[in-house]
Structures are given as C-alpha cells and as structure tokens.
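Everything below concerns the one structure shown next.
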Amino acid sequence: MSELKNDRYLRALLKQPVDKTPVWMMRQAGRYLPEYKATRAEAGDFMSLCKNHDLACEVTLQPLRRYDLDAAILFSDILTIPDAMGCGLYFETGEGPRFERPTDTIEKIEKLAVPDPEDELGYVMKAVSTIRRELKGEVPLIGFSGSPWTLATYMVEGGSSKTFEKIKRMMYAEPQALHMLLDKLADSVTSYLNAQVKNGAQSLMIFDSWGGALSHSAYREFSLRYMQKIVDGLIRENEGRKVPVTLFTKGGGLWLEAMAETGCDALGLDWTIDIKDARARVGDKVALQGNMDPSMLYAPIPRIEEEVQQILAGYGEGTGHVFNLGHGIHQHVDPEHAGAFIEAVHKYSAQYHK
Ligand SMILES: Cc1c2[nH]c(c1CCC(=O)O)Cc1[nH]c(c(CCC(=O)O)c1C)Cc1[nH]c(c(CCC(=O)O)c1C)Cc1[nH]c(c(C)c1CCC(=O)O)C2
C-alpha cells in the first residue's frame, strides 16, 4: 500500500498537529454534482450504482477531482445492512428508501441473521478495495455504517418516517423485541465495519441520523448503548496506523459528554450547537467534526466565507477539528459554492495551527 500523501484528516481526528484544518463534506458524492447525475443515470437506480464497484469508485472520486478535499468517503448507503438481512430495500423516486419486508414483529426479528460482510455485502468490500487502490494514497478513505437505532427505524417503519410511530410503540410496549433487533444490528455493524477496515478503510464513521428523536434516557438505552457495543468491538489499528472512529448523532448536542465516554476518537456535530461550547464540554477527550449548516451553501460566497471564519474562530487554536457540514450537502447547492467553502477552510485555518 502506498504512503498517504495527505493525512491531515487522520491527524486531526487523533489530535496530532496539522498545518491546516482538514475538510470534507457529508454526502460529498451526490446529486448536486452533474457528473454524479450522469454516472447515476448510466447505472440505472441508486442501488445498482452502489453494487457496481467501478461506478461506486468513480462517484467517490468525482468530488476529489473538483475540490481540495482531505478525505474520501466510500460511496454506498447505510441501508445495505438491512438489505443484506433480507428486508428488500428499494428507492421510490422522491420518496426516499423503502423496505418490501419491514421487521415490525418479534417473530420477524427472531428470524433475522447477521449478514456475512464478505458474502452478502461483498459488493461493498469490493468497492472499498477498488476505491482504496484508485485513491493512490492521495487522501484517506472513510468507511461508514448507520447506527443500530437508525437502521432499526427504517427496518421497523418500512422506510423513512417523521413520527417514528411504529418503532416508538415497539420501544415502549415491547422493549425486549427492539433490544433483540438492536443487538443483532450492533453485531452486524461491527463485523461490517471491521471488514471495511480489512479491505482498506482508514477511518470509520457511524451515522446516528435519528438518535435525536429519542428522549434523554431512551437515547442511552436504545442508541448509545449499541454504539458503545460497536466501538468496543472495532479494529482500532491497521497497517501500522490508528483507525479513528467518529460518532455522529444528529440532534445529539445535549449528549456529547456521554458520547465521548464511549472511547470513540471524534464526535460529529450538527449545526444546532456552538462548536466553542462543544469543545469546552468534551475537553481533550475527543476531536470534533462539523458544523456549518448545509443550507449556508445557498448564501452568496462572501457570506459562506464569513461563516467558515466564525466556526474556525469558535473552535480556536490547535488541532482536533475536522471541518464539515452539520449534515449532508443539499442536492440544489451550486457546486461553485461548495468549492468556495472548502477553499475558505484551508485559507482561513492556517493561522490557528502555528
Ligand atoms: C439516513 C441515511 C441514509 N443514507 C445515509 C444516511 C446517514 C446520513 C444522513 O443522515 O443523511 C448515508 C449515506 N448515503 C450516501 C452516502 C455516500 C457517501 C457520501 O458521499 O457521503 C452516505 C454516507 C449516498 C446516498 N444515499 C442516497 C443518495 C441519493 C440517491 C440518488 O442518487 O438518487 C446518495 C447520494 C439515498 C438515501 N439513503 C438514505 C436516504 C434518506 C436517502 C435519500 C433518498 C432521497 O433523497 O431520494 C438513508
């Protein structure tokens, strides 16, 4: 394996000195890029794109050709695991993800098996190794998964939900059923992420997109507890380097201290929290990733640059910050604005790393 030419992102996650604040964007390969739309059209539907390792590699690299990004993220989806468990994932245009076979009873949960990452999810591993090879050591490759709670919301609801009616009913009326599901998902995520590391992922991120829908105590019992189980089971060093782990609970700003206690290396922040306060609360325990409102990219470029400077100043001196959006980039963003955002991070951050 070739040496990494740019390891700013890995160094910042491990709180080692850097020359500039590293930056990448959640959903950086996606529909705001015309070249993504062209490749997606060539593939047909979204899952066919994920399952074709050459095309998945191509769309992973597209944003890196345009922008000076400090990391690449595997092109795939968090819903590959439930799909591999037999739930029948499909995408209804404009409606988001759906499952043909929701997992909404204890009988169905009992029948679920932990997928073999090298078999049912072999296409993801092939994408990871292809991307890693094609990156040629330019920047590190991020592997990822959804959190058990977030995956369970899609599996129990049968797709996206605004109210979480079915899963919350299960959580409070039949908690043992949900715990069984979450436990199987934690085992699935652990072996899936470890397989990504073995195939070349150099850092891992867990997306807990719906943890913020939980109550204070339910968050600990139904989301954090299973992310803890995953963190405890992950390979933390490979190829002679640490493999940093980032936990991101959207809407989880109130729980940063508890998340930092899991032993992860970094926390992802959404835009609802002041990064200065977040840093004061977690201290030296973890690095922070975030946290510009993705909608700021609709603003004129000078306004974007101002916001970048404010967030950099909020974090302040020294390492431990990976700049990102507080959630995925929106599909109607002008790619030029995304470029200005990335340039601004590098331009204005050097002064904090002297
Ligand atoms: C909740 C969630 C999902 N998927 C993901 C999450 C967690 C992050 C978050 O909170 O947004 C994670 C994800 N999904 C995708 C990536 C790729 C890597 C990246 O560039 O960040 C990652 C990291 C590609 C994708 N995943 C999806 C797209 C768009 C699909 C398309 O091309 O039509 C992309 C680029 C599809 C997807 N997949 C999912 C949703 C809600 C959607 C959107 C459906 C829609 O808007 O039509 C589930």
Side-chain angles (χ1 to χ4, degrees), residues 23-52 55-64 66-67 69 71-83 87 89-99 124 127-128 131 139 141-155 157-162 164 189 192-193 196 201 203-213 223 227 246-252 268-271 289-290 294 322 324-333 335 338:
V23 55
W24 68 281
M25 297 185 294
M26 284 191 260
R27 294 269 178 101
Q28 63 191 21
R31 288 172 293 197
Y32 72 107
L33 290 178
E35 58 269 36
Y36 171 84
K37 281 191 259 186
T39 311
R40 162 91 154 66
E42 191 187 324
D45 59 297
F46 173 71
M47 280 312 284
S48 305
L49 178 52
C50 294
K51 288 184 176 173
N52 180 322
L55 294 183
C57 176
E58 166 59 23
V59 294
T60 302
L61 300 181
Q62 284 170 349
L64 293 139
R66 270 187 188 253
Y67 311 124
L69 291 158
I73 181 161
L74 160 69
F75 188 84
S76 190
D77 199 78
I78 63 165
L79 301 176
T80 51
I81 287 182
D83 187 48
C87 301
L89 173 65
Y90 66 101
F91 284 82
E92 203 73 84
T93 325
E95 304 260 336
R98 289 275 177 84
F99 286 111
V124 180
V128 171
I131 297 162
V139 292
L141 175 61
I142 306 168
F144 71 89
S145 172
S147 72
W149 163 256
T150 293
L151 296 179
T153 65
Y154 289 98
M155 292 171 76
E157 299 287 336
S160 302
S161 172
K162 287 200 169 76
F164 302 104
V189 170
Y192 182 55
L193 290 177
Q196 290 185 32
S203 164
L204 296 171
M205 177 151 169
I206 299 174
F207 289 92
D208 186 30
S209 306
W210 302 116
S223 182
M227 291 201 282
T246 303
L247 300 186
F248 171 58
T249 291
K250 186 160 176 287
L269 305 176
D270 68 25
W271 63 90
Q289 174 178 282
V322 171
N324 205 314
L325 305 172
H327 201 205
I329 185 168
H330 301 312
Q331 64 169 310
H332 301 300
V333 161

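Excluded from the calculations below are hydrogen atoms, water molecules and symmetry mates; all remaining heavy atoms, backbone and side chain alike, are included. Small disclaimer: the values here were computed from a predicted structure and weren't measured. As the structure lists them, so they are numbered: ligands from 1, and atoms in each ligand from 1.
- Remark: distances from the non-hydrogen atoms of S76 to ligand 1 include one below 4.0 Å.
- Residue contacts with ligand 1: T150 is placed with no nitrogen or oxygen under 3.5 Å of a nitrogen or oxygen of the ligand (distance criterion only).
- In this structure a side-chain-to-backbone donor-acceptor pair under 3.5 Å is missing from Q331 to G30.
- Considering backbone and side-chain atoms together, M25 places no N or O closer than 3.5 Å to any N or O of ligand 1.
- Residue contact annotation: G96 has a non-hydrogen atom under 4.0 Å from ligand 1.
- Of the N or O atoms in W24, none lie within a sub-3.5 Å distance of an N or O in ligand 1.
- Contact between E95 and ligand 1 is absent, with no heavy atom of the residue lying under 4.0 Å from the ligand.
- No N or O atom of S160 sits closer than 3.5 Å to an N or O atom of ligand 1.
- Residues M205 and F248 form a side-chain contact, since some pair of their non-hydrogen atoms from C-beta on lies under 4.5 Å apart.
- Looking only at side-chain heavy atoms (C-beta outward), I81 and V189 come within less than 4.5 Å of each other.
- Using a distance-only test at 3.5 Å, with no hydrogens or angles considered, no donor-acceptor pair links the side chain of W271 to the main chain of P294.
- Considering both main-chain and side-chain atoms, H327 comes within under 3.5 Å of ligand 1 through a nitrogen or oxygen pair.
- In this structure, K250 does not count as a contact residue of ligand 1, since none of its heavy atoms falls inside 4.0 Å of the ligand.
- Below 3.5 Å of separation, one finds an N or O of Y36 facing an N or O of ligand 1.
- Atoms of ligand 1 found under 4.0 Å from any heavy atom of A29, numbered from 1 in the order shown, are 20 (O), 35 (C).
- Atom-to-atom distance recorded for Q289:CD and L269:CG is 8.5 Å, nearest 0.5 angstrom.
- Using a 4.0 Å cutoff on heavy atoms, L74 counts as a contact of ligand 1.
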